[in-house]
Amino acid sequence: MIEEGKKIILFDGVCNLCNSAINFVIKRDKKDVFRYASLQSEIGKQLIKERKIDTTKLDSILLIDPKIAYFY
């Protein structure tokens with residue numbers, strides 16, 4: 001699902017501050033490390049569900065690194 005060697009940043013797609021933060025990262029991601037998706041997108045919802053993330057306890061930006069195991 002996530003390209004090998006890439007990390008994905010999930011962000012609140014309706015938050016202006018979050019969108020500005022993502023634009024900041026995009027401009028500086030010279031090594032093409034990150035992929036981006038809104039929390040509201042299908043891929044965002046799927047990644048949240050797979051990782052059993054409680055969205056009531058998370059802020060507007062979430063970094064997913066496939067190399068790091070997650071435990072719940």
Side-chain angles (χ1 to χ4, degrees):
M1 172 184 293
I2 299 173
E3 296 172 62
E4 183 151 345
K6 305 296 180 186
K7 299 172 185 170
I8 190 161
I9 299 176
L10 298 178
F11 64 98
D12 184 343
V14 296
C15 169
N16 289 333
L17 179 63
C18 299
N19 285 308
S20 295
I22 294 305
N23 287 332
F24 179 88
V25 174
I26 289 170
K27 288 178 185 176
R28 288 156 182 81
D29 185 18
K30 304 296 183 203
K31 295 184 180 180
D32 192 35
V33 173
F34 301 105
R35 296 294 178 259
Y36 313 90
S38 74
L39 293 165
Q40 297 85 1
S41 69
E42 290 304 314
I43 187 74
K45 291 176 188 176
Q46 182 178 349
L47 290 168
I48 288 167
K49 184 178 178 181
E50 287 173 357
R51 287 158 176 77
K52 298 178 177 76
I53 296 169
D54 182 355
T55 55
T56 65
K57 296 181 180 180
L58 99 105
D59 287 325
S60 299
I61 298 177
L62 175 67
L63 173 66
I64 295 180
D65 184 345
K67 290 184 180 181
I68 299 174
Y70 49 94
F71 303 96
Y72 291 93

Student: For the CG atom of N23 and the OH atom of Y36, what is their distance to the nearest 0.5 Å?
Tutor: 9.5 Å

Student: The test is side-chain contact (heavy atoms from CB on, under 4.5 Å); show your working for V25 and F11 and say whether it passes.
Tutor: CA-CA 12 Å; V25 174; F11 64 98; over 6 Å; no

Student: What's the spacing between L39 CG and L47 CG if we round to 0.5 Å?
Tutor: 10.0 Å

Student: Looking at every non-hydrogen atom in both residues, tell me the closest pair between I61 and A21 and how far apart they are.
Tutor: CD1-CB, 3.8 Å

Student: Show the nearest heavy-atom pair for residues K45 and Q40, with the distance to one decimal.
Tutor: CE-O, 3.1 Å

Student: If you measure from the Lys or Arg side-chain nitrogens to the Asp or Glu carboxylate oxygens, is any gap between D54 and R51 under 4.0 Å?
Tutor: no

Student: Between the side chains of E42 and Q46, is a donor N or O closer than 3.5 angstrom to an acceptor N or O?
Tutor: no

Student: Taking all atoms of both residues into account, what is the closest heavy-atom pair of I8 and A37, and its distance?
Tutor: CD1-CB, 4.1 Å

Student: Would you name the heavy atoms of D29 and F34 that are closest together and state the gap between them?
Tutor: OD2-N, 3.1 Å

Student: Applying the side-chain contact (heavy atoms from CB on, under 4.5 Å) criterion to K6, which one of D65, D32, V33 satisfies it?
Tutor: D32

Student: Under 4.5 Å between side-chain heavy atoms, counting indirect links through other Ile/Leu/Val/Met/Phe/Trp/Tyr residues: same cluster for L17 and I22 or not?
Tutor: no

Student: Please find the pair of heavy atoms, one from S60 and one from C18, that lie closest to each other, and give the distance.
Tutor: CB-SG, 3.0 Å

Student: Looking only at heavy atoms, which two atoms of L10 and I48 are closest? And how far apart?
Tutor: CD1-CG1, 4.0 Å

